[in-house]
**Student:** 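For reference, the structure I am asking about is given below.
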Amino acid sequence: MFPDSNLNASKARHLDIGAPDQIVETFADLIGSDARLSIRFEGLEVQYPVSLALLDRDLHQCVLRASALEDLNTLLDRRLPFYLDIQYTSMTMTSAMMRPLKMGGQGDWIDLRAALPVSLKLTRQRNLFRATLERGMKVNMLMTAQRGGSEVEGRLVDLSIGGCLIAVSVNDAINFQIGMALHRLRAVFPSSEAFDAAGCVRHMRCSDNSNDVLVGVVFDASLADFERKVWFYVREIEREAVRLDAPVERSVAPSRLFNEGSAALEMEAIATPQEEALAVLPLFDNVKNIARALGVQLINLQAGMSLETSVLCEQARMLLSLLQEDRQALLYALACVESHSTPLVCHGMSVAARLADLESGDRTTEQVVQMMACALVHDFGKILLPENVRLHQGSMEASMLSHLHAHVELLRFRIERDGLSSDMRRDVLLSINERLDGSGYPRALGGHSLNRLARMAAVVDAVDAMGRVRSDRPAWLSLDIYRHIFNAGSQFDAASVNRYVKRYGFTPIGSLVSFSSGFQAWVMRLDARGQPWRVRVVREMTRNSSMNQVLEGTDLVQLGTLEGSVGRHDSAMTPW
């Protein structure tokens, strides 16, 4: 719909186009577009399809091409004036009367030269016309994907009878999928007036500034009463937009919907003490920015685009610099970011950082960056799986597991090849799920086909995955993870497992530990012996009371003897 013209600057439903340069540009937009053109004559109901064969900007003329029909030839021979109708999916345009200047063509078609019309009348279809919320207009949207599910808060961007466009944060948008049914949509205006609807996600795209994701929703309703109700809100939004753009000397009464009400929802949430503390954690803001950039890539992948290698390498380079700046601070920041991003992103960042921590060795910086870039997105293909596989709850049978394993190949063809060496793609992106005994996927490679990097990547990935909550089990403790991997026979490389355990210990940074005095705390830093040196105390078990106190060094003596890692007391217990 006129992507390169000035017509999109106006959101009015009806528009008269009379400026000669605008008419020329409108006809220019028709070339190669999907618009349907036809001509009709005064007093006749028949419409004759045509196409725009030529636009002469200098003479303000055009050539329309039509099929050679006997009745059309007769009408044109009489030099009868005609109207040109232009039909898009979302609007129609009708020209002022046009007169034929010259006819030509041969065989099956007729070429009709005519002067461009002096005006065009544009009408956006009512069911597709979208009223856009301009500056100063704020309507909150609450979205629930399933009955009884949690609400996601967003901001209404535009509204039509058929649907709406909603801006949500990147992290919230990852929870939505194209084609997903939305059980409840609630729009709350500043006056506190609201309307509810059900719908379905039609499309998703990142906004121009990438601060939000724009979610397109089509309403699941065709009742006349619903349409009349929504059309009222569409008109009121358009009316308020006109008022905001009106010159000072022209007074327009405000819409009642945008009079602030005492019960209106506020989008700007008040920061909690925990969030304020997070803001001063070393490296946390940097980690959160990387997670957000990766979230955008994940959404773009879901929307049908390919992963951009340049973006992935840029984020990998930033993560590597944080690792080199303060390794332990980064590991704790990665644990803290889990409540601020999606599991796929958090898992990828953790695997990438730990793999670089263990496998930098004698590799060049560029090789490490490429290795991390592959690790960051090695699981992103799961977003492309069918919904019944992606959202499956509980353990999987063999048939469904085979569908799950397809995520590797799905991603393989959706990531740009430029900028990533074939070695890194093979050893990390494609081999991280392989096992030495050939029981892995997607190619069931044996140990002879897996080099040192691929073997270490498999260990890092497995340890991190087992330490995360899954639908069929809680997160495993570090000791249990190590025991499982050591007992997995020949699946994992023993040397890689030993290196991992020696590097991160049995109470790794980001784990919840208990002390003999009854306190539980999150490990923030380790000393040279691999023992907790700085912790955040969060609970006193004897009184079952919550706390939030950071202790380090000799102050840890007051907590008693370290007893080891423990599971979370509840889902609200997070590293910060």
Side-chain angles (χ1 to χ4, degrees), residues 141 143 145 150-155 157 165-180 201 203-217 267 269 275 278-279 281 283-320 322 330 333-353 372-385 387 390-391 407 410-411 414-416 429 464-465 468-469 574-576:
M141 293 292 299
M143 298 172 285
S150 59
E151 287 184 329
V152 171
E153 196 169 341
R155 173 176 51 83
V157 176
L165 191 65
I166 305 168
V168 300
S169 70
V170 171
N171 293 336
D172 285 335
I174 294 172
N175 297 318
F176 296 99
Q177 310 289 335
I178 296 174
M180 175 184 284
V201 177
H203 61 80
M204 296 171 63
R205 62 181 174 85
C206 293
S207 61
D208 293 338
N209 57 17
S210 292
N211 288 330
D212 296 307
V213 173
L214 301 179
V215 180
V217 175
M267 288 293 292
E275 289 171 332
L278 272 174
L281 272 177
L283 310 186
F284 178 74
D285 283 341
N286 307 81
V287 170
K288 194 163 63 170
N289 289 337
I290 295 172
R292 189 185 164 284
L294 293 173
V296 170
Q297 288 294 301
L298 186 61
I299 291 167
N300 287 343
L301 181 66
Q302 179 190 355
M305 293 183 278
S306 295
L307 294 177
E308 300 174 77
T309 302
S310 60
V311 175
L312 301 182
C313 288
E314 178 185 358
Q315 301 310 312
R317 194 168 284 108
M318 293 173 62
L319 193 61
L320 178 61
L322 298 180
L330 172 62
L334 287 171
C336 293
V337 84
E338 290 179 16
S339 59
H340 295 259
S341 190
T342 182
L344 284 178
V345 170
C346 294
H347 174 58
M349 292 176 66
S350 180
V351 171
M372 295 177 73
C374 290
L376 284 172
V377 299
H378 73 275
D379 259 359
F380 274 23
K382 290 179 178 177
I383 203 73
L384 304 173
L385 293 171
E387 188 172 331
R390 189 178 64 247
L391 303 180
H407 74 85
L410 288 173
L411 181 66
R414 294 285 295 278
I415 184 170
E416 296 174 351
L429 200 67
D464 192 81
R468 296 180 182 275
V469 177
T574 56
W576 202 281

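None of the values given here were measured: they were computed from a predicted structure.
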**Student:** How long is the span from the CD1 atom in Ile166 to the CE atom in Met204, to the nearest 0.5 Å?
**Tutor:**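 Separation between the atoms: 11.0 Å.
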**Student:** Side chain to side chain contact (heavy atoms under 4.5 Å, CB included), that's the test. Do Ile415 and Leu312 meet it? Break it down for me.
**Tutor:** CA-CA 10 Å; Ile415 184 170; Leu312 301 182; 3.9 Å; yes
**Student:** First locate atom CD1 of Ile290, then atom CD of Glu314, and finally report the distance between them rounded to the nearest 0.5 Å.
**Tutor:** 9.5 Å
**Student:** Does Val337 reach the side chain of Val345, with side-chain heavy atoms less than 4.5 Å apart?
**Tutor:**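 Result no, sub-4.5 Å side-chain heavy-atom pair not found.
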**Student:** How would you list, by chain and number, every residue that makes a side-chain contact (heavy atoms from CB on, under 4.5 Å) with Ala316, sequence neighbours excluded?
**Tutor:** Val369, Met372, Ala373, Leu376
**Student:** Residues in side-chain hydrogen bond (donor to acceptor under 3.5 Å, both in side chains) with Gln315, at least two apart?
**Tutor:** none
**Student:** Taking all non-hydrogen atoms of both residues into account, name the closest pair between Cys336 and Leu281 and its distance.
**Tutor:**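 Scanning both residues, the minimum pair turns out to be SG-CD1, 3.8 Å.
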**Student:** Just wondering, do Leu294 and Leu298 contact through their side chains at under 4.5 Å, heavy atoms?
**Tutor:**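 When only atoms from C-beta onward are counted, Leu294 and Leu298 do not touch, as no gap falls below 4.5 Å.
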**Student:** Give me each pair satisfying salt bridge (charged side-chain N to carboxylate O under 4.0 Å, His left out) with a member in residues 373-385, each pair once, sequence neighbours excluded.
**Tutor:** Asp379-Lys382
**Student:** Has Glu338 got a side-chain atom pairing as donor or acceptor with Thr574's backbone, closer than 3.5 angstrom?
**Tutor:**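 Side chain of Glu338 to backbone of Thr574, a donor-acceptor pair under 3.5 Å: no, none is there.
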**Student:** Could you tell me which non-hydrogen atom of Gln302 sits nearest to which non-hydrogen atom of Phe176, and how far apart they are?
**Tutor:** NE2-O, 2.9 Å
**Student:** Kindly write out the residues that satisfy side-chain hydrogen bond (donor to acceptor under 3.5 Å, both in side chains) with Ser341, not counting sequence neighbours, or none if the list is empty.
**Tutor:** none
**Student:** List in chain and number order the residues that pass side-chain hydrogen bond (donor to acceptor under 3.5 Å, both in side chains) with His407, two or more places apart in sequence or in another chain; answer none if no residue qualifies.
**Tutor:**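 Only Tyr441 meet the side-chain hydrogen bond (donor to acceptor under 3.5 Å, both in side chains) criterion with His407.
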**Student:** Would you compute the distance between atom CD of Gln177 and atom CG of Leu385 and round it to the nearest 0.5 angstrom?
**Tutor:**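 CG of Leu385 is found 10.0 Å from CD of Gln177.
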**Student:** Rounded to the nearest 0.5 Å, how far apart are CG of Asn300 and SG of Cys206?
**Tutor:** 4.5 Å
**Student:** Where do Cys374 and Leu429 come nearest, in terms of heavy atoms and distance?
**Tutor:** O-CD1, 3.5 Å
**Student:** Can you tell me how far the CG atom of Leu330 sits from the CZ atom of Phe284, to the nearest 0.5 Å?
**Tutor:** 12.0 Å
**Student:** Hey, mind stepping through Val351 and His378 against side chain to side chain contact (heavy atoms under 4.5 Å, CB included) and telling me if it holds?
**Tutor:** CA-CA 9 Å; Val351 171; His378 73 275; 4.0 Å; yes
**Student:** Determine the sole option in Leu301, Ile383, Leu384 for which the side-chain contact (heavy atoms from CB on, under 4.5 Å) test with Leu410 is passed.
**Tutor:**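 It is Leu384, the one option of Leu301, Ile383, Leu384 that forms the side-chain contact (heavy atoms from CB on, under 4.5 Å) with Leu410.
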**Student:** Whether the side chain of Arg414 engages the backbone of Gly381 through a donor-acceptor N/O pair (distance < 3.5 Å, no angle test) should be reported.
**Tutor:** no
**Student:** Partners of Asp464 by side-chain hydrogen bond (donor to acceptor under 3.5 Å, both in side chains), sequence neighbours excluded?
**Tutor:** His347, Ser350, Arg468
**Student:** When you compare the side chain of Thr342 with that of Asn171, does any pair of heavy atoms fall below 4.5 Å?
**Tutor:** no
**Student:** Any side-chain to backbone donor/acceptor pair from Gln297 onto Glu308? Under 3.5 Å, distance only.
**Tutor:**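 Indeed, once roles are kept as given, a pair shorter than 3.5 Å links the two residues.
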**Student:** Should Met143 and Val168 be marked as a side chain to side chain contact (heavy atoms under 4.5 Å, CB included) after you check the CA-CA gap, both sets of side-chain angles, and the distance that decides it?
**Tutor:** CA-CA 10 Å; Met143 298 172 285; Val168 300; 3.2 Å; yes
**Student:** To the nearest 0.5 Å, how far apart are CG in Leu322 and CG in Leu334?
**Tutor:** 8.5 Å
**Student:** Kindly say whether Ala167 contributes a backbone atom to a donor-acceptor pair with the side chain of Arg155 at under 3.5 angstrom?
**Tutor:** no
